[in-house]
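Taking it in order: structure first as structure tokens, then the write-up.
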Amino acid sequence: MRDHDDDDDNCRQQPTVPLRLPAFYPHHGSSCWVGGCVWYLERRAVLESPHKFMHLFRNVNKQWITFQHFNFLRRMYVTQVNLILNQQVKPKPEPVASPFLEKMPSGEAKAERNEMRSLSSPSLSLSRKRSEKELIELESASIIESSVDVGKETEEEKQWKEMKLRLDDLPGILARLSKIKLTALVVSTTSAGFALAPGPFDWSCFLLASLGTGLASCAANSINQFFEVPFDSNMNRTKNRPLVRGQISPLLAVSFAACCAVPGVALLTWGVNPLTGALGIFNIFLYTCCYTPLKRMSIANTWVGAVVGAIPPVMGWTAATGSLDAGALLLGGILYSWQFPHFNALSWGLREDYSRGGYCMMSVTHPGLCRRVALRHCLALVGLCIAAPVLDVTTWAFPVVSLPINLYISYLGFRFYKDADRKSSRRLFFCSLWHLPLLLLLMLTCKRRPGREGDKVDAQS
């Protein structure tokens, strides 16, 4: 096909034809000249029409993208209107608003919906009340307004909000500050040590020892949380503690710790005996000044923490007898060994948290040692239970009745050592939760009675 420029040149090169009228034409004046001009213009228009048509087609091709965009906006508008009409036909309990109006004020949104509903389908097909330009402006305005609202919400979330302390929430906050569940475990082991000690059971001394030990534990836990606020905020397990969330001030936390430590140590020293009071002071110091900083320095913190947990039953024994006997050391040894499978299994599932918080734990830095130590102390519990009747703390029935639960926790410790996964660690941890109370209960059941030995001596004499 030839180009339209060639047609243009051919049109220009054609010779002009003189205007000759037929001989039979009746008039030869101005009317004849006008008729010839009209004929000439018609002939030239016919010759130049291909060139103009091609030029028009080229301009239409240039504007094709704009027409497609316009057509897309038209289809989107018609689709939205049909959706609103369908909602009118099938009303819902909570009509869905247009996505363009989600972030508009409620009054404007309602007015917009009522205006859209007032339109009927025939009128929409003939004439639209809102042009495509207005629709585009509405869409852009809603998007800008929604982005501004989202930006405001994110800024409000990032801003610090003042936490107002209410008196109704204070007991629960102080209970979490003092780690009330851990304190209850400490008091229970102290009570077990007091009950297993030889001699008569003094209720007043028992209550003072339990109350003093509980207050000392609350003070130590509160000081521990006070020191570890910047590290606890990085851990999922401790990020909701009261000091981390700002529910109470650090001054209130330290004041609460002082109010617990002073009367607690006073009760243990003057209400029970000085030896028990000295053990209470030493345990607070060991937990707050040795164990807490060691958690970020060395894995030796686990052994120091086990000593901290082994002292409460010793305090119960000294509260009843006033002296450190072999039985007190045996109880301390059982609690010392029990803490390794308990804590090592717990820390195995929290390795990511401890690493994020900057704590130096065996499960993070020495995973193999963590599993070996847990297994060793599971087996050590069997030997310590056999030593109980040798030291005249229990009868020989205790090693026999405690052997099944000790073998079971040893088996779980072995599975934890071999598998080294979360499932085995969780099974060992949950087993340790019921193993210790059951073991102490069996010790109390099989406790050696001093009166029976005296009866045997009298019978032999």
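What you see is a predicted model, and the numbers here were worked out from it, not measured in a lab.
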Name all residues meeting the salt bridge (Lys or Arg N to Asp or Glu O under 4.0 Å) criterion together with Arg351; count only those two or more places apart in sequence or in a different chain, and write none if there are none.
none

Using the benzene-type ring in the case of Trp, are the ring centres of Tyr336 and Trp303 under 6.0 Å apart?
no

Say whether, by atom type as modelled, one donor and one acceptor occur between the side chain of Thr213 and the main chain of Ser210 under 3.5 angstrom.
no

For residues 263-278, the side-chain hydrogen bond (donor to acceptor under 3.5 Å, both in side chains) pairs (sequence neighbours left out) are Asn273-Thr276, Thr276-Thr318

Check whether Asn234 reaches the backbone of Gly357 with its side chain - one donor and one acceptor, N or O, closer than 3.5 Å.
no

With Arg415 via salt bridge (Lys or Arg N to Asp or Glu O under 4.0 Å) - residues at least two apart
Asp419

Determine whether more than 12 heavy atoms belonging to other residues, nucleotides or ligands lie under 6.0 Å from atom OH of Tyr291.
yes

Please work out whether the ring planes of Phe416 and Trp348 are parallel, tilted or perpendicular, with thresholds of 30° and 60°.
perpendicular

Is a side-chain N or O of Ser298 found less than 3.5 angstrom from the main chain of Leu294, in a donor-acceptor match?
no

Applying side chain to side chain donor-acceptor pair (under 3.5 Å), name anything that partners Ser410, two or more places apart in sequence or on another chain.
none

Any side-chain heavy atom of Asn344 within less than 4.5 Å of one from Arg371?
no

Side chain of Asn301, backbone of Cys360: donor and acceptor closer than 3.5 Å?
yes

Where the side chain of Thr292 meets the backbone of Cys289, is there a donor-acceptor pair that is under 3.5 Å apart?
no

So with a 6.0 Å cut-off around CZ of Phe414, is the heavy-atom count from everything else above 12?
no

Has the side chain of Trp338 got a donor or acceptor atom that lies under 3.5 Å from a matching backbone atom of Ser432?
yes

Aromatic rings Phe194 and Phe201: how do their planes relate, parallel, tilted or perpendicular, breaks at 30° and 60°?
perpendicular

List the residues meeting side chain to side chain donor-acceptor pair (under 3.5 Å) with Asp421, not counting sequence neighbours, and say none if there are none.
Ser424

Salt bridge (Lys or Arg N to Asp or Glu O under 4.0 Å) against Arg427, all qualifying residues, sequence neighbours excluded
none

State plainly whether the residues Arg237 and Glu228 are in salt-bridge range, i.e. N to O under 4.0 Å.
no

